[in-house]
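What follows is a single structure, written as structure tokens, with notes after it.
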Amino acid sequence: MHGSTAMTEVMGILNVTPDSFSDGGNFNTLDKALFQAERMLSEGATWLDVGGESTRPGASAVSLEEELERVIPVIKSITERFAVSVSVDTSKPQVMTAAVAAGASMINDVNALRSEGALAAAAATQAQVCLMHMQGEPRSMQRNPSYTDVLGEVKDFLQQRVTACEQAGIQRSQILLDPGFGFGKSVQHNYQLLQRLPELQELGLPLLVGLSRKSMLGKVTGAEVSQRLAASVAAATIAAMKGARIVRVHDVRATVEAMQVVCATLQEEY
Ligand SMILES: Nc1nc2[nH]c(SCC(=O)O)nc2c(=O)[nH]1
């Protein structure tokens, strides 16, 4: 029983890549992003994760200028208008610095601050930091992921990154950890990590997980990306029951209601 009186928080995904607002219409990217942000907040998200570079396997790289142009105006507008915590999904130190200056309060780095200058940039802000495990690079990570003990190796990697952060002057109280579902893992690896999530709690830091609409869910349901709501809510529920502090999702309303059921279940007293 991983009872915790605090309800698992829901982080809404706000991708500001060109294809993420391809629904036509005459709004510009910023307007669409603000509309989405407001909708996710009204649905109960307490975090919004703003990302300008897709980290899907095989995604093309985005220049620093382009990434700044995409995410900074959105982060600035959201934090000026709404009472919500914003994380920036980036691996570039310059984007980290600018995003926190624009109002972001978490740096969400799928590369766990391994880029040149990233540790120093994060340390210079007082922002929270999410360190995520990835085996290999987005371009090639899904070719042939292999582990002797996936949980043990993910845990060791995260511990090493925490140590690197502490040596750079980042406090443990600023750090969250993330096993990185889908980032250099087979379907089996992903489900082993989800099943053994409580063992990552032994690192003593809050866990953030991203399972929403991922291919590990498609593989077992046969559902297309847009048809993975039930599987995504189920996965978020399992993660929350196993101690996740934040779940990063596309479908905020449904997930918030699932978290309310988890919270009622894990409460000790009535
Ligand atoms: N912290 C964290 N950040 C993420 N950014 C993405 S992008 C791929 C997708 O959403 O399918 N996944 C994650 C995740 O799992 N954890």
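Numbering of ligands and ligand atoms starts at 1, following listing order. Start at 1 with the first residue, then count along the sequence. The structure presented is a predicted model; accordingly, all values stated were derived computationally and were not measured.
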Task: From CA spacing to verdict: side-chain hydrogen bond (donor to acceptor under 3.5 Å, both in side chains), His133, Lys155 - done: CA-CA 9 Å; His133 174 269; Lys155 192 171 168 187; over 6 Å; no
For ligand 1, run through the N/O pairs with the protein that fall under 3.5 Å and put one pair on each line.
unit_1	atom_1	unit_2	atom_2	d
ligand 1	1 (N)	Asn108	OD1	2.8
ligand 1	1 (N)	Asp178	OD2	2.8
ligand 1	3 (N)	Asn108	ND2	3.1
ligand 1	5 (N)	Asp89	OD2	3.1
ligand 1	5 (N)	Arg248	NH2	3.4
ligand 1	10 (O)	Arg248	NH1	2.9
ligand 1	11 (O)	Arg56	NH1	3.4
ligand 1	12 (N)	Lys214	NZ	3.2
ligand 1	12 (N)	Arg248	NH1	3.4
ligand 1	15 (O)	Gly210	O	3.4
ligand 1	15 (O)	Lys214	NZ	2.7
ligand 1	16 (N)	Asp178	OD2	2.6

Task: salt_bridge(Glu257, Arg253) N-O dist < 4.0 Å - done: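 The answer is yes: the pair qualifies as a salt bridge.
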N/O donor to acceptor pairs below 3.5 angstrom from side-chain atoms of residues 109-121, sequence neighbours left out:
unit_1	atom_1	unit_2	atom_2	d
Asp109	OD1	Ser91	OG	2.6
Asp109	OD1	Asn111	N	2.7
Asp109	OD2	Leu113	N	2.6
Asn111	OD1	Arg114	NE	3.4
Asn111	OD1	Arg114	NH2	3.1
Asn111	ND2	Ser115	OG	3.3
Arg114	NE	Asn111	O	3.1
Ser115	OG	Ser91	O	3.2

Open item on the list: Check for me, please, whether Val16 and Leu68 land in the same ILVMFWY cluster - side-chain distances under 4.5 Å, paths through other members count.
Closed with: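 Shared cluster, yes.
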Open item on the list: For Val247 and Leu211: C-alpha separation, side-chain torsions, deciding distance, then whether side-chain contact (heavy atoms from CB on, under 4.5 Å) applies.
Closed with: CA-CA 8 Å; Val247 290; Leu211 292 149; 6.0 Å; no
TODO: May I ask you to check whether Glu153 and Thr148 show a side-chain donor-acceptor distance below 3.5 Å?
DONE: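 Short answer, yes.
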